[in-house]
Each structure stands twice: as structure tokens, then as C-alpha cells.
Amino acid sequence: LAVCRASGDQRQEQDMLGNLGTAYSTLSQWDAAIDAYDRALALARQARDRPGEGIWLLDLALALDEQGQRVDAVQRMQAAEAVYGHAIDA
């Protein structure tokens with residue numbers, strides 16, 4: 001992760017953060033997963049990476065739901081739906 005940051009490869013950093021989120025989710029470490037997905041989402045939005053944004057929103061929604069944060073999970077799921085709907089319409 002530090003190498004990606006140092007090299008400025010935000011796409012690779014985004015992917016690594018997403019992979020970290022998945023690893024934390026597998027271990028039921030929801031706070032860490034949510035943090036990793038949030039950071040990946042921020043990079044996707046910064047890069048205007050709509051497919052990446054949709055993926056991280058979905059993963060974030062699932063992690064939030066596992067933590068019992070239903071309202072936040074639904075909001076992220078709706079945002080992901082909007083991203084994917086826009087991608088389909090384009």
C-alpha cells in the first residue's frame with residue numbers, strides 16, 4: 001500500500017484497499033473493512049472511476065449491513081444502484 005502511494009498509482013492503491021476490505025470482511029472485522037472500503041471509494045470518486053465506485057459502494061453496504069447499520073447500508077446500496085443505472089444508460 002505504501003509503495004502504491006509513493007508511486008502515485010491510485011488505481012492499484014484502490015484495488016489494494018478493496019482487497020484489504022474483503023480480507024477484513026472475511027475475518028468479520030467490520031470496522032476495518034468499512035474503513036478500507038471507504039478509502040477505496042474515495043479514490044474511485046477522485047479518479048471518476050464509476051465502475052470502481054459502484055463496487056466499493058456495494059461492498060461497503062454489505063459490511064455496514066453486517067454491522068447492523070441498516071440505514072447507512074441501504075443508502076450505499078441505493079447509491080450503487082444509481083451508479084450502475086447511470087452506467088447502463090450511458
Side-chain angles (χ1 to χ4, degrees):
L1 199 51
V3 172
C4 293
R5 284 188 192 131
S7 71
D9 188 347
Q10 289 187 336
R11 177 62 191 176
Q12 188 67 29
E13 182 180 355
Q14 184 187 143
D15 289 343
M16 292 186 102
L17 286 166
N19 289 338
L20 277 174
T22 300
Y24 286 129
S25 291
T26 300
L27 297 170
S28 299
Q29 294 181 12
W30 304 115
D31 288 334
I34 289 166
D35 179 61
Y37 291 141
D38 266 333
R39 292 166 54 199
L41 176 59
L43 289 173
R45 286 179 169 162
Q46 182 180 355
R48 299 186 195 285
D49 174 7
R50 297 291 283 177
E53 182 179 354
I55 289 167
W56 308 133
L57 282 165
L58 282 173
D59 286 343
L60 185 55
L62 294 172
L64 288 165
D65 185 60
E66 285 291 337
Q67 233 187 7
Q69 298 181 41
R70 301 286 190 273
V71 173
D72 289 337
V74 168
Q75 289 173 344
R76 296 318 188 291
M77 192 66 71
Q78 289 170 336
E81 182 181 33
V83 167
Y84 285 122
H86 177 72
I88 291 170
D89 293 339

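Fair warning: this is a prediction, and the values are worked out from it, not measured in the lab.
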What are the two closest heavy atoms between Gln69 and Ile34, and how far apart are they?
NE2-CD1, 4.4 Å
Say whether Trp56 and Gln14, considering side chains only, have a donor N or O and an acceptor N or O under 3.5 Å apart.
yes
side-chain contact (heavy atoms from CB on, under 4.5 Å) for Asp35 and Arg39? Distances and angles first, verdict last.
CA-CA 6 Å; Asp35 179 61; Arg39 292 166 54 199; 3.4 Å; yes
Kindly indicate whether the side chain of Leu64, heavy atoms from C-beta on, has any atom under 4.5 Å from the side chain of Gln75.
no
Flag, side chain of Tyr37 to backbone of Thr22, donor-acceptor distance under 3.5 Å:
yes
How many angstroms lie between CG in Asp65 and CG in Leu60, if you round to the nearest 0.5 Å?
11.0 Å
If you round to the nearest 0.5 Å, how far is CD of Gln46 from CG of Leu41?
11.5 Å
Residues Gly18 and Ala40: closest non-hydrogen pair is N-CB, 4.1 Å
For a quick test of reading the model, state the closest non-hydrogen atom pair linking Ala33 to Ser25 and the distance between them.
CB-OG, 3.4 Å
Does any N or O in the side chain of Tyr84 come within less than 3.5 Å of the main-chain N or O of Ile55, such that one atom is a donor and the other an acceptor?
yes
Leu58 and Met77: which non-hydrogen atoms are nearest, and at how many Å?
CD2-SD, 3.2 Å
Salt-bridge contact Asp59-Arg76 (side-chain N to carboxylate O under 4.0 Å)
no
Does some side-chain heavy atom of Glu53 sit less than 4.5 Å from a side-chain heavy atom of Leu57?
yes
CD (Gln12) and CG (Asn19) are apart, to the nearest 0.5 Å, by 8.5 Å
Between Asp31 and Gln67: side-chain donor-acceptor atoms closer than 3.5 Å
yes
